[in-house]
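Working notes for the structure below.
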Amino acid sequence: MTTDLTALLAGARIVPVLTVPDPATAAPLARALSAGGARCAEVTFRTPDAEQVVKAMAAEGGLVVGAGTVLTAEQAERAVAAGARFVVSPGLDHEVVAACRELGVPVVPGVATATEVMGALRAGLDTVKLFPAEPLGGRAMLRALAAPFPGVRFMPTGGIDAAGLADYLAEPAVLAVGGSWMAAPALLASGDYPEIRRLTAEAVERSTPWPT
């Protein structure tokens, strides 16, 4: 396994963030996202059956499936055993970081302050998740944090929608953007996979290459 998130995402800059209550919807959801051009997806561990969702989506192929809202080392181990190829956490937990390092998968901890960014750097990480991005101040907060840490890449998530996507992706420090609008709970509940595909394709079309 690679521990380099950039290499793992292979240029993808859109990360659909998914909360999937029913594992039966995982396979058609994966197909809809892939058909829309998504290359990766983050399944949040906010539901009892998140492991089954990760497993089902990974089995479909076509998507690099990761696990989000990972709060403990034990959850990280379960997620990777189910097929997750990267781990995202809402905060910086050194036990989760250590577990992911042992498991050989990239980990993206959440940060909201400069102190937490420094903690991530001390842990040997150069990619962090600004969370919750919009409530913290959006792009203004992102720029303020990025300025003293020129080597850090950010994956902002939280409150970002289709309208704000291009602006976030235009920020030089942003590696990728996470968002839930492409597969919102109402769309999943109604089984509206054509709309999920359309929204995903729209987001992918609006994405820009990682700056070189």
Side-chain angles (χ1 to χ4, degrees), residues 1-9 12-19 40-46 50 54 64-80 84-161 164-165 167-181 210-211:
M1 291 187 181
T2 178
T3 56
D4 182 347
L5 184 66
T6 307
L8 189 64
L9 296 183
R13 300 193 70 201
I14 308 297
V15 182
V17 178
L18 315 170
T19 299
C40 61
E42 174 190 328
V43 176
T44 67
F45 265 55
R46 298 180 184 182
V54 169
V64 175
V65 181
T69 320
V70 173
L71 307 180
T72 66
E74 187 263 343
Q75 278 186 330
E77 292 167 359
R78 285 165 37 210
V80 173
R85 296 178 62 191
F86 63 94
V87 167
V88 182
S89 180
L92 176 60
D93 185 285
H94 290 285
E95 290 186 3
V96 171
V97 171
C100 290
R101 186 165 284 131
E102 285 188 19
L103 293 164
V105 298
V107 56
V108 185
V111 300
T113 66
T115 300
E116 291 168 334
V117 176
M118 291 172 69
L121 287 170
R122 283 195 300 273
L125 304 173
D126 63 5
T127 303
V128 295
K129 165 184 172 176
L130 179 63
F131 179 80
E134 282 291 290
L136 284 172
R139 290 184 298 138
M141 181 62 170
L142 174 67
R143 292 191 196 110
L145 278 180
F149 305 109
V152 174
R153 301 168 299 180
F154 291 84
M155 191 168 77
T157 308
I160 302 173
D161 58 18
L165 175 62
D167 289 336
Y168 273 98
L169 289 176
E171 296 293 333
V174 171
L175 174 66
V177 171
S180 59
W181 77 89
W210 169 249

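Worth saying up front: this structure is predicted, and the values here are computed from it rather than measured.
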So do [Y] and [X] actually touch side chain to side chain, heavy atoms under 4.5 Å?
X      : Y      : value
Phe131 : Val88  : no
Glu134 : Ile160 : yes
Val97  : Leu92  : yes
Ile14  : Leu165 : yes
Val128 : Glu116 : no
Val17  : Glu42  : yes
Leu71  : Phe45  : no
Gln75  : Val96  : no

side-chain contact (heavy atoms from CB on, under 4.5 Å) evaluation trace for Leu125 with Arg101: CA-CA 10 Å; Leu125 304 173; Arg101 186 165 284 131; 4.0 Å; yes
Measure across [X] and [Y] and return the closest heavy-atom pair with its distance rounded to 0.1 Å.
X      : Y      : answer
Val54  : Ala84  : CG1-N, 3.6 Å
Thr127 : Pro109 : O-CD, 3.7 Å
Gly138 : Tyr168 : CA-OH, 3.0 Å
Glu171 : Arg143 : OE2-NH2, 2.9 Å
Val43  : Ala50  : CG1-O, 4.2 Å
Ala176 : Ala12  : CB-O, 4.2 Å

If you draw a 6.0 Å radius around CE in Met141, do more than 12 non-hydrogen atoms from other residues or ligands fall strictly inside? yes
Tell me if the CZ atom of Arg46 is crowded by more than 12 foreign heavy atoms within 6.0 Å. no
Using 0.5 Å steps for rounding, measure from the [atom1] atom of [X] to the [atom2] atom of [Y].
X      : Y      : atom1 : atom2 : answer
Leu130 : Thr157 : CG    : OG1   : 8.0 Å
Thr6   : Arg153 : OG1   : CZ    : 3.0 Å
Asp126 : Asp4   : CG    : CG    : 7.5 Å

Using the side-chain contact (heavy atoms from CB on, under 4.5 Å) rule, take Arg85 and Val65 through it: C-alpha gap first, then chi angles, then the decisive distance, then the call. CA-CA 6 Å; Arg85 296 178 62 191; Val65 181; over 6 Å; no
I'd like to know if the side chain of Ser89 and the backbone of Thr69 have a donor-acceptor N/O pair within less than 3.5 Å. no
Ignoring hydrogens and angles, tell me if any N or O in the side chain of Asp161 forms a donor-acceptor pair with the backbone of Gly164 under 3.5 Å. yes
Applying salt bridge (Lys or Arg N to Asp or Glu O under 4.0 Å) as the test, list every pair that has at least one member in residues 68-78; sequence neighbours left out. Glu51-Arg78, Glu74-Arg78
